[in-house]
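Structure first, then comments.
Position 1 is the first residue of the sequence, and the numbers go up from there. Nothing here was measured: the structure is a model prediction, and the numbers come from that model. The figures that follow rest on heavy atoms only: side chains count, while hydrogens, waters and symmetry mates do not.
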Amino acid sequence: MLAQRGVTAALSYAGRTEAPRAQPIPVRVGGFGGVDGLAAYLREARVTHLVDATHPFAATMSANAVAAAQLAGVPLLALTRPAWMPVPGDRWTRVADIEGAVAALAGAPRRILLALGRMHVADFAAMPQHHYVLRFVDAPMAPPPLPDHALIVDRGPFTPEGDRALMEAHRIDLVVCKNAGGRGAEAKLVAARALGIPVLMIDRPALPPRAEVTDPAAVLEWLDHAPAPTERGV
Ligand SMILES: NC(=O)c1ccc[n+]([C@@H]2O[C@H](COP(=O)([O-])OP(=O)(O)OC[C@H]3O[C@@H](n4cnc5c(N)ncnc54)[C@H](OP(=O)(O)O)[C@@H]3O)[C@@H](O)[C@H]2O)c1
């Protein structure tokens, strides 16, 4: 949408995904070096507006963005996806964080769709009695440290029908996931509901107060009307 509008913009990736999709605006990759690094980048690149469109679980980056925007005097807007809410037919148990999810898995062996991405899989080695089905965007460099697992490499988008077939094929009896929100990642919840499978839902981390919108069009609207940066008056 930015490219279509001819807005001068850069997209920043942390660098976790090996071959991200091509983008129609310049892309930079890698951490900024904390709050000070991001504030320096904002100044050096003469950034006039900062949009935090990171995943709702990227809590460090989002907190850094709030602090760096303040330091550099650049207005910040977060583009988020509303959290999923349970609907009739859902069998959710909510936990506060990854640690809570691991603790909730104490007990008899189960067949779990661990829909978390690569970063926190190692934590579940503390519950090695389960069969885990993992779905990653990239094949991992080293095998996941879970003694009994099946690995699927697929970057989606996923469909309820596809996720239902996956859960049936692997005889899944529990889905563990983060409350990411959004339509693409919702397929597993729709499938779990249809199959009556319980879900262990990890709640979002707390973030500092900030302006938020949930619609990309609202970001463009904000770009048209946001206050100018305090430092440069641009
Ligand atoms: N966490 C998830 O579940 C999840 C799921 C899907 C996608 N993602 C995406 O993956 C990226 C990393 O997530 P995370 O949970 O590891 O983040 P995080 O814990 O909040 O951030 C850790 C560090 O990674 C760097 N970083 C994060 N996002 C960046 C970005 N967009 N551009 C440049 N540097 C970035 C920052 O390093 P410096 O301090 O050096 O700047 C940050 O302090 C995020 O962009 C997020 O949107 C995360």
Side-chain angles (χ1 to χ4, degrees), residues 14 16-17 54-62 80-207:
R16 306 278 195 273
T17 304
T54 56
H55 189 275
F57 280 73
T60 304
M61 187 69 246
S62 288
T80 66
R81 295 175 292 197
W84 293 314
M85 299 297 287
V87 299
D90 281 335
R91 300 173 58 201
W92 289 13
T93 302
R94 291 171 64 173
V95 289
D97 48 24
I98 297 278
E99 209 178 22
V102 173
L105 295 183
R110 306 191 66 163
R111 299 183 61 84
I112 299 173
L113 176 60
L114 193 60
L116 294 174
R118 254 180 319 169
M119 284 187 293
H120 294 290
V121 165
D123 296 353
F124 291 84
M127 295 292 166
Q129 71 274 36
H130 305 296
H131 175 76
Y132 293 97
V133 174
L134 312 171
R135 183 161 64 186
F136 294 164
V137 172
D138 296 312
M141 304 287 269
L146 302 174
D148 181 8
H149 74 264
L151 176 62
I152 298 158
V153 177
D154 189 347
R155 68 172 59 197
F158 305 112
T159 62
E161 299 72 33
D163 277 5
R164 186 176 170 151
L166 175 96
M167 290 180 199
E168 286 179 322
H170 289 269
R171 291 178 288 117
I172 295 300
D173 59 25
L174 179 68
V175 174
V176 178
C177 66
K178 298 173 177 173
N179 196 332
R183 297 307 300 275
E186 198 180 18
K188 56 183 173 279
L189 299 181
V190 177
R193 190 181 306 138
L195 295 170
I197 296 173
V199 173
L200 191 59
M201 182 63 75
I202 304 169
D203 281 338
R204 295 179 170 197
L207 293 175

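Taking each heavy atom of F57 and R204 in turn, the nearest pair found is CZ-CA, 3.7 Å. The two residues V199 and A192 have their closest heavy-atom pair at CG2-CB, 3.9 Å. Across V175 and M167, no two heavy atoms sit closer than the pair CG2-CE, 3.9 Å. The shortest heavy-atom contact between W92 and M85 is CH2-C, 3.6 Å. Here the closest non-hydrogen pair linking K188 and C177 is CE-CB, 3.5 Å. When all heavy atoms of P160 and A187 are compared, the closest pair comes out as N-CB, 3.5 Å.
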> Can you list the steps and then say if Q129 with D148 is a side chain to side chain contact (heavy atoms under 4.5 Å, CB included)?
Replying inline: CA-CA 8 Å; Q129 71 274 36; D148 181 8; over 6 Å; no

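Under the side-chain contact (heavy atoms from CB on, under 4.5 Å) test applied with L113, the options L166, D163, I197 reduce to a single match, L166.
Here the CG atom belonging to L105 is positioned 6.0 Å from the CZ atom belonging to F124, to the nearest 0.5 angstrom. Taking CG of D138 as the start and CZ of R155 as the end, the distance is 6.0 Å to the nearest 0.5 Å.
Residues R183 and E186 are paired through a salt bridge, judged by an N-O separation under 4.0 Å between the basic side chain and the carboxylate.
Between Y132 and H130, the ring planes lie perpendicular to each other; the angle is over 60°, past the 30° to 60° tilted range. Ring orientation note: the planes of H170 and H131 are close to parallel, at an angle under 30° on the 30°/60° scale.
Looking at R118, its side chain does come within 3.5 Å of a backbone N or O of R16 through a donor-acceptor pair. A donor-acceptor contact shorter than 3.5 Å links the side chain of D154 to the backbone of G156. Here the side chain of W84 pairs a donor or acceptor atom with the backbone of G182 at under 3.5 angstrom.
Annotation for E99: atom CD does not count as buried by contact number, only 12 or fewer foreign heavy atoms lying within 6.0 Å. In R94, the CZ atom is not crowded: 12 or fewer heavy atoms of neighbouring residues, nucleotides or ligands sit closer than 6.0 Å.
When the salt bridge (Lys or Arg N to Asp or Glu O under 4.0 Å) test is applied to R110, the partners found at least two apart in sequence or on another chain are D173.
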